[in-house]
Structure formats: structure tokens, C-alpha cells
Amino acid sequence: MSEEATGAVPVLKDELDIVIPTIRNLDFLEMWRPFFEPYHLIIIQDGDPSKLIKVPQGFDYELYNRNDINRILGPKASCISFKDSACRCFAFLLSKKKYIFTIDDDCFVAKDPSGNEINALQQHIKNLVTPSTPFFFNTLYDPYRDGADFVRGYPFSLREGVPTVVSHGLWLNIPDYDAPTQLVKPLERNTRYVDAVMTIPKGTLFPMCGMNLAFNRELIGPAMYFGLMGDGQPVGRYDDMWAGWCMKVISDHLGLGVKTGLPYIWHSKASNPFVNLKKEYKGIYWQEELIPFFQSVSLPKDCTTAQKCYLELSKQVKAKLGKVDDYFNKLADAMVTWIEAWDELNPSEGKSDAFPNAPAN
């Protein structure tokens with residue numbers, strides 16, 4: 001078993017960028033300083049580009065606003081959402097690192113049940129550098145964690161696992177609820193700390209939250225497009241969901257893995273449920289059509305890279321979801337623009353068949 005799988009966690013400070021979308025001063029970074037300071041930050045300023053965003057001293061960072069997005073992408077800037085946290089995916093285009101960790105600016109360092117501060121970034125790295133097991137469920141969850149292994153009856157041919165491309169972390173305090181649930185449970189707080197990491201099985205979708213998320217940019221970056229949301233669009237707060245559904249069907253096709261569970265962060269601020277309801281109501285209605293669509297997606301065998309998969313998925317979105325609402329035709333076009341922008345800014349990536357051992361559908 002590799003050094004990573006036996007407990008030694010690499011720091012990866014030269015192989016990982018931290019991405020933060022924001023509309024405010026980043027004082028929250030002070031709490032994260034012991035964990036984030038060695039890393040490079042890419043900050044995407046949402047909203048008014050003339051507003052001055054202050055970043056605490058001592059951090060290595062780049063800061064981009066809407067004017068920068070328009071300047072760098074030109075006409076292709078239309079695929080980057082405005083006044084929505086989906087603007088973060090502009091940083092995914094710019095980064096040249098292998099890994100991305102993205103976190104919202106209302107998320108703080110959580111403590112485990114023993115009172116120790118949780119280094120969320122270290123746990124994400126540990127998740128990403130150890131394999132996933134999407135083809136056969138292990139009842140002890142992640143077999144690569146210290147003190148765990150594969151249980152009796154687990155096929156030896158599958159114990160090597162597959163590369164992990166997404167590490168989906170969770171949150172204490174304010175739960176990630178939709179607006180209707182917020183309205184009926186306004187005082188509910190998540191106090192349950194579950195000390196577990198598990199691979200999401202092949203063929204299973206999940207609601208991906210973007211506030212505490214890490215991924216392998218080299219292997220799945222082109223599929224991590226957070227869609228067209230926010231200002232000028234009929235829906236919001238489904239940006240991370242959209243990226244998660246697209247990413248999962250593509251990861252399943254390419255034989256890659258997704259983990260969820262640890263690490264926890266402390267989510268400090270509940271958003272307004274009435275504002276959220278206005279943003280979400282079409283998404284809540286549409287998701288009853290979207291989920292069956294993604295559950296039925298089939299990608300052809302010649303889709304051997306994340307880019308090829310995403311372009312094929314955009315065609316299926318237009319063909320099938322365009323009938324639900326014209327918004328999905330616009331979204332499908334933006335998906336194509338996104339890949340064009342990705343290839344333009346990352347010309348050396350995705351030009352070869354990266355996954356020759358992906359299992360047949």
C-alpha cells in the first residue's frame with residue numbers, strides 16, 4: 001500500500017490552489033491561517049468590481065473581479081455566472097495545479113468531538129490521494145483509513161480501487177438545506193459529527209455542496225462547471241448541484257471515484273430562506289425532471305476524457321432538457337463555451353485518452 005494510504009498525508013503546497021468566491025472582506029482567513037498560509041489562494045470577487053476586497057496580510061493570493069473575467073475570457077465570459085457563488089469556477093479555469101480546494105467565506109474551522117481543531121484541507125488531501133471503491137461497497141466505509149480494511153467477501157480484484165477525483169466535505173452548525181426545509185426548521189443545527197468517509201457507489205447521484213469541496217483538477221476539472229446561475233438567470237443555488245450531477249455521471253463513465261464525509265467545517269451563517277426560495281423555486285420544480293435525466297445518461301465509449309464526456313453531455317442536455325425549459329438550451333450552449341474556454345486556457349490538457357482502463361458501461 002502506498003505511503004499516502006498508510007497514514008502519511010502529503011502537504012501538496014505546490015500542487016493545490018485554494019479557491020474562494022466572495023463579496024466581502026476575507027477576515028475569516030485569520031482562523032484558517034495555520035492551515036491555509038502555505039498555499040496559493042485564488043479569490044473571485046462577485047458583484048460590484050469597484051468594491052475593495054481586503055485580504056489579511058501574509059497570504060499568497062490572486063484576486064479577480066468581473067472586469068478581469070471579461071478581459072481574460074472575452075466573449076466566452078458569458079459562461080461565468082454573475083452575482084452567484086458559481087463565479088468560483090473561473091478560478092478552476094485559471095489554476096494550473098493538480099488539485100483544487102474551494103470553500104465559502106462564511107465557513108470556519110470546526111472542532112472534533114475531542115475539541116481539537118479540524119484541518120479540513122489535510123483531510124481532503126488524504127481523501128484525494130487514496131483510492132475510491134465505487135464498484136463494490138465496503139461496510140467499513142473507506143478501507144484506506146487507518147485501522148480499517150476490506151471486509152470478508154470483498155473481491156480481491158477490486159481492492160486496488162480507482163483514482164479519487166472529488167472529496168465532498170460536510171458542515172457542522174448551519175445545515176445545507178433548501179428554502180422550504182429552512183422555513184419549517186429555522187432553528188435546526190447540525191451537531192452530529194460522524195467519523196466516516198465513504199465512496200459514493202457507481203450509478204448513485206448525490207447533492208453536492210460547493211462550500212467545502214476538493215477535487216482533482218487534472219482528472220475531472222472540465223466537468224466541474226457550476227452552470228449558469230444568479231443574475232439574469234431564472235434559477236440560483238443549483239450551481240453546485242448541477243456540477244455534482246454532471247461530474248458524477250462522467251466519473252462513473254470514466255471509472256473514477258467520489259468520496260463524501262470527513263472533513264467537517266463550521267458553517268456560520270444561515271442565508272435568508274425567503275430570498276433562497278425565490279432563487280430555488282424553479283430548480284425545486286425542475287429537479288424532478290433533472291434527476292431521472294442524469295440517472296439515464298449513457299456516454300459512448302469514445303468519450304475517453306472529461307472534455308469529451310462534457311461535450312457529449314451538453315448535447316444530451318439540449319436534446320432532452322431543452323424540452324423542459326428553454327433555459328436548458330442556453331445552459332447547454334454555456335457548457336460548450338466552458339469547454340472552449342478550458343481548452344483555450346489549458347491547451348495541453350485533455351488531449352490524450354486519459355482513462356484507457358475505464359470499465360465498460
Side-chain angles (χ1 to χ4, degrees), residues 4-5 9-10 12 15-21 85-86 88-89 91-93 95 97-104 107 120-135 137-138 141-145 161-171 176 196-227 238-265 294 297 299 305-307 309-310 313 338 342 349-350 354-355 358:
E4 292 89 347
V9 182
L12 301 181
E15 298 180 67
L16 183 145
D17 280 330
I18 298 173
V19 170
I20 305 168
S85 65
R88 78 180 81 218
C89 60
F92 306 164
L93 288 174
S95 174
K97 304 288 178 64
K98 182 175 182 178
Y99 300 103
I100 295 284
F101 169 53
T102 184
I103 186 171
D104 287 359
C107 294
L121 183 50
Q122 183 185 48
Q123 179 64 51
H124 276 301
I125 291 171
K126 192 169 188 176
N127 291 347
L128 288 170
V129 300
T130 54
S132 289
T133 53
F135 307 121
F137 190 79
N138 190 54
Y141 302 111
D142 191 343
Y144 303 100
R145 288 190 69 189
V162 301
T164 301
V165 290
V166 168
S167 171
H168 179 255
L170 300 176
W171 2 260
D176 186 29
V197 177
M198 62 182 291
T199 296
I200 300 175
K202 181 180 180 181
T204 301
L205 297 173
F206 74 108
M208 188 174 81
C209 174
M211 75 171 92
N212 176 26
L213 183 71
F215 62 93
N216 185 318
R217 183 185 171 278
E218 286 185 356
L219 294 183
I220 205 64
M224 296 295 283
Y225 174 51
F226 278 49
Y238 271 81
D239 52 323
D240 42 8
M241 302 292 163
W242 181 261
W245 297 329
C246 294
M247 173 278 300
K248 188 56 167 62
V249 298
I250 290 172
S251 295
D252 286 351
H253 172 77
L254 295 174
L256 301 170
V258 178
K259 292 184 179 183
T260 187
L262 301 179
Y264 283 88
I265 50 86
F294 282 105
V297 163
L299 299 172
T305 64
Q307 282 100 319
C309 289
Y310 205 70
L313 188 56
W338 161 260
W342 187 281
E349 295 182 12
F355 311 104

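Throughout, residue positions are numbered sequentially from 1 according to the sequence presented. Keep in mind it's a predicted model, so treat the numbers as computed, not measured.
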message = Is it the case that the side chain of Asp252 and the backbone of Gly203 share a donor-acceptor pair, with hydrogens and angles ignored and the cut-off at 3.5 Å?
response = yes

Discussion item. When you compare the side chain of Leu313 with that of Ile250, does any pair of heavy atoms fall below 4.5 Å?
Written reply: yes

To the nearest 0.5 Å, atom OH of Tyr310 lies from atom CD1 of Ile220 at 10.5 Å

Checklist entry - Within the side chain of Ser251, is there an N or O that forms a donor-acceptor pair under 3.5 Å with the backbone of Met247? => result yes

What do the steps show when you test Arg145 against Leu262 for side-chain contact (heavy atoms from CB on, under 4.5 Å), and what is the final call? CA-CA 11 Å; Arg145 288 190 69 189; Leu262 301 179; 3.7 Å; yes

Would the distance check show the side chain of Ser95 and the main-chain N or O of Lys97 forming a donor-acceptor pair, the cut-off being under 3.5 Å?
yes

Output for pair (Lys126 NZ, Asp142 CG), nearest 0.5 Å, gives 9.0 Å

Assess, by modelled atom type and distance only, whether the side chains of His168 and Asn212 contain a donor and an acceptor separated by less than 3.5 Å.
no

When every non-hydrogen atom of Asn127 is compared with those of Pro263, the smallest separation belongs to ND2-CD, 4.2 Å

Correct closest heavy-atom pair for His124 and Gly169 would be CE1-N, 3.6 Å

When every non-hydrogen atom of Leu219 is compared with those of Pro163, the smallest separation belongs to CD1-CB, 4.0 Å

Taken to the nearest 0.5 Å, the spacing of Thr260 OG1 from Ile200 CD1 works out to 5.0 Å

Smallest heavy-atom separation, Ala223 atom then Cys246 atom, equals O-CB, 4.3 Å

Between the main-chain N or O of Val165 and the side-chain N or O of Asn216, is there a donor-acceptor pair closer than 3.5 Å? no

Quiz question: by atom type and distance under 3.5 Å, do the side chains of Asp104 and Ser85 form a donor-acceptor pair?
no

Is a donor on one side and an acceptor on the other found under 3.5 Å between the side chain of Arg88 and the backbone of Val19? no

Closest non-hydrogen atoms of Pro10 and Ile125, given as atom of the first, atom of the second and distance, are O-CG2, 3.4 Å

Leu213 backbone acceptor or donor facing Thr102 side chain under 3.5 Å
no

Here the gap from Leu299 atom CG to Leu254 atom CG, rounded to the nearest 0.5 Å, amounts to 8.0 Å

Counting neighbours of CZ on Phe206 that are heavy atoms of other residues, nucleotides or ligands and sit closer than 6.0 Å, is the number greater than 12? yes

Closest non-hydrogen atoms of Trp242 and Tyr225, given as atom of the first, atom of the second and distance, are CD1-O, 3.9 Å

Exercise. Is it the case that Lys259 and Thr130 place a side-chain donor and acceptor less than 3.5 Å from each other?
Worked result: yes

Output for pair (Ile265 CD1, Gln123 CD), nearest 0.5 Å, gives 14.0 Å

Could you walk me through whether Val258 and Thr164 pass the side-chain contact (heavy atoms from CB on, under 4.5 Å) test, one step at a time?
-> CA-CA 6 Å; Val258 178; Thr164 301; over 6 Å; no

Original post:
Once the angle between the rings of Trp342 and Trp338 is folded into 0 to 90°, is it parallel (under 30°), tilted (30 to 60°) or perpendicular (over 60°)?
Top reply: tilted

- Query: Any idea how Phe92 and Phe215 line up, ring-wise: parallel (<30°), tilted (30 to 60°), or perpendicular (>60°)?
  - Reply: perpendicular

*Evaluate the criterion side-chain contact (heavy atoms from CB on, under 4.5 Å) for residue pair Phe135 and Val162; output intermediate values, then yes/no.*
CA-CA 9 Å; Phe135 307 121; Val162 301; 3.6 Å; yes

**Message:** Under the criterion side-chain contact (heavy atoms from CB on, under 4.5 Å), I'd like the reasoning laid out for Met211 against Asp176: C-alpha separation, chi angles, the key distance, then a yes or no.
**Reply:** CA-CA 9 Å; Met211 75 171 92; Asp176 186 29; 4.1 Å; yes

query: Quick check: does any side chain N or O of Asp239 sit under 3.5 Å from a backbone N or O of Ala86, one acting as donor and the other as acceptor?
result: yes

Q.
Keeping Thr199 on the side-chain end and Thr133 on the backbone end, is there a donor-acceptor pair under 3.5 Å?
A. yes

The reported gap from CG in Asn138 to OG in Ser132 (rounded to nearest 0.5 angstrom) is 12.0 Å

